[in-house]
Structures are given as structure tokens and as C-alpha cells.
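Data block below; observations after.
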Amino acid sequence: MSVYVYGIARSDHPALPEKAPGVGEPPREVRVLREGDLAALISDCPEDLRPKRRDLMAHQHVLTEAGGKGSVLPLRFGSLSEDDETVRRVLADNAEHYARQLEELDGRSEYNVKAVHREEEVLRVVLAENDEARSLAERNRASGGGTYEDKLRLGELLANAVRERETEDARSVEDALAPLARRSVPGPEGSGWLANLSFLLDRHASDDFLAAVEKLGRENPHLDIRVTGPLPPYSFVDQPPAKAAAGQAAL
């Protein structure tokens, strides 16, 4: 049976959630596998593992419980290893790398910020800024809608202006928030958001960060800004520089 890996901690972590319910139905019991100065939170992996809500929440709960009482390197949902011995070998081979990562992430959490345009509001913004589009829109309205060519031209002007505004607003979100974080990384492209960024924050800095997000929303009512956190710092766990192709795939 393969092993499901939740995360990595120091072996002297004060409160690892051993015997907590993990993934699977019925839930597989979490156990702690120690190797030198490191420990891995693992459980047996169910044969039919899928990213179902119950299992996603179980994965998150194990990491939240551990991360609230000490530094933990969280692994993404679905991280598997061949067996306990493989996990031990990976911990031993990369002990220095994981120890450094645990120190870097100690006392820090991840906040994810996404932003998208509110359609009607952003159209008002670009019309106010674009003289040509505004003039054409007014002429079309005065003439009862305008010709097909005028409507097409207005649509092109607005689409181009909105795209330019997306680039500008994405940069504004990052410029406003990145200085408040230890690190920031972009989320997956093509997600439908004009900005999708993850920020690594010291836990005592979260209030200032959330206040900055709120201020950004007030100053830019054409933006729908959503923040999620605190989260285990998934986006800031770096892979070992030379991991083996098979045995270290999960870590």
C-alpha cells in the first residue's frame, strides 16, 4: 500500500497530530514517521483517493493543526510515496534542505489574493479615461444605437481598453501588497482572474495586510478582490534541488 504524505516537520515539533483522522473513507489514521531531526506526517493511502471535499478538508485540517503549534512544510493534496522506507530515505537525503525551509517558514502563513473586474464598473472607468470610446458611445446613443460599423468599432475600443486596464490593475494589486509580504508568487495562469497572487506573511503582519487589501478595494470599486487565508504556505515550499525522479516524487 502506498503512503500518503501530508507534510514535513521537525522531529521535536511540540504537537504533531498523531492519530488524527486523515484522508479516506473511513479516515486513515495519521501517524508520525521520524528520521533524524525531521518527521513526516503520513497515513496509509486509500486505493480510491480523489480530490473530494471530505478528503481535501481532512488534508487541510491535519496541516492546520500541526502548523498552529510549530513550523510545517505542507505538501499539496495527493502527495504519495511508495512506502515508509522511501519517505525515510527522502528525509535523510534532503535533511539540510528541509531544515532550512522549516526555518524560513516558521511563524509564517500564506494569503492568496485574487482580483477580477466588475464588468459594469470597469466599463464606466474605461469610458471616462478613453476620449475616443466615450465620444463614439455618445454618438451611438444619440443616433439610436449607431451603425453596425460604429458598434463594432466601439466594441473593439472597449475590449482593448479593458485588456489594458487588466494589465494595469494586476500590476497595481501586486505593487500595493507585495511590500507587506516576505515573498509573493503568482498563481496558475489562465484562471480567469486578472490577478492571482500568493503572499507569505509573518503572522503578526496579517492585520496590516488585510487592511491594505480592504483599502485597495475601496479605492478601486471596479475590482472584485478576494482574499483567502491564513493558509499553510503551500506556494512557498521549494523542492530539493536534485530530487530523484521516482523515490522523491512526493516530497
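When a residue number appears, it is its place in the shown sequence, counting from 1. As the structure is a computational prediction, the values presented were derived from the model and not from experiment.
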Rounding to 0.5 Å, atoms CG (Asn220) and CZ (Arg118) come to a distance of 11.0 Å

Are Val213 and Leu177 side-chain neighbours, meaning at least one heavy-atom pair lies under 4.5 Å?
yes

Given side chains that start at C-beta, do those of Leu80 and Leu49 come closer than 4.5 Å, heavy atoms only?
yes

Quick one: does Ser81's side chain get under 4.5 Å of Arg89's, heavy atoms only?
no

State, yes or no, whether a side-chain contact exists between Leu223 and Val116 at a heavy-atom distance under 4.5 Å.
no

Does a salt bridge link Glu18 with Arg31, judged by any charged N lying under 4.0 Å from a carboxylate O?
no

From CD (Gln60) to CG (Asp55), nearest 0.5 Å:
13.0 Å

Contacts under 3.5 angstrom, residues 203-211 side chains, donor-acceptor by atom type, not counting sequence neighbours:
{"from": "Arg203", "atom 1": "NE", "to": "Ser109", "atom 2": "OG", "distance (Å)": "3.2"}
{"from": "Arg203", "atom 1": "NH2", "to": "Gly67", "atom 2": "O", "distance (Å)": "3.0"}
{"from": "Ser206", "atom 1": "OG", "to": "Arg203", "atom 2": "O", "distance (Å)": "3.2"}

Going by the angle between their ring planes, with limits at 30° and 60°, are His117 and His222 parallel, tilted or perpendicular?
tilted

Are Val23 and Phe77 side-chain neighbours, meaning at least one heavy-atom pair lies under 4.5 Å?
yes

Would you tell me whether Ser79 and Tyr6 have side-chain atoms, one donor and one acceptor, within less than 3.5 Å of each other?
no

Test side chain to side chain donor-acceptor pair (under 3.5 Å) on Asn160 and Asn130 and set out the steps.
CA-CA 11 Å; Asn160 289 335; Asn130 190 306; over 6 Å; no

Should the pair Asp202-Arg108 be classified as a salt bridge under the 4.0 Å nitrogen-to-oxygen rule?
yes

Considering residues, nucleotides and ligands other than Arg53, do more than 12 of their heavy atoms fall under 6.0 Å from its CZ?
no

Could you list the donor-acceptor pairs under 3.5 angstrom formed between side-chain atoms of residues 141-149 and any protein atom two or more places apart in sequence or on another chain?
{"from": "Ser143", "atom 1": "OG", "to": "Arg139", "atom 2": "O", "distance (Å)": "3.1"}
{"from": "Ser143", "atom 1": "OG", "to": "Asn140", "atom 2": "O", "distance (Å)": "3.2"}
{"from": "Ser143", "atom 1": "OG", "to": "Gly146", "atom 2": "N", "distance (Å)": "3.3"}
{"from": "Thr147", "atom 1": "OG1", "to": "Asp150", "atom 2": "N", "distance (Å)": "3.1"}
{"from": "Thr147", "atom 1": "OG1", "to": "Asp150", "atom 2": "OD2", "distance (Å)": "3.3"}

Checking Asn112 against Thr228: is there a side-chain donor and acceptor pair closer than 3.5 Å?
no

Between Arg171 and Asp175, is there a side-chain N and carboxylate O pair less than 4.0 Å apart?
no

Within the 4.5 Å heavy-atom criterion, are Ser11 and Leu38 side-chain neighbours or not?
no

Would you give the length of the straight line joining atom CZ of Arg134 to atom CG of Leu154, rounded to the nearest 0.5 angstrom?
12.5 Å

NZ/NE/NH1/NH2 to OD/OE distance under 4.0 Å, Arg50 and Asp48
no

Do Tyr234 and Phe236 have ring centroids that are under 6.0 Å from one another?
no

Please determine whether a side-chain nitrogen of the Lys or Arg among Arg10 and Glu103 lies less than 4.0 Å from a carboxylate oxygen of the Asp or Glu.
no

Inter-residue atom distance Glu156.CD - Leu136.CG, 0.5 Å rounding
10.5 Å

Using modelled atom types only, decide if a donor and an acceptor are shared between the side chain of Asp83 and the backbone of Thr86 within a distance under 3.5 Å.
yes

To the nearest 0.5 Å, how far apart are CG in Leu16 and CG in Leu33?
11.5 Å

If I take atom CG from residue Leu102 and atom CD from residue Glu104, how far apart are they, to the nearest 0.5 angstrom?
9.5 Å

Taking the basic N atoms (NZ, or NE/NH1/NH2) and the acidic carboxylate oxygens, is any pair closer than 4.0 Å for Arg165 and Glu129?
yes

From Glu65, His61, His59, residue fulfilling side chain to side chain contact (heavy atoms under 4.5 Å, CB included) relative to Leu63
His59

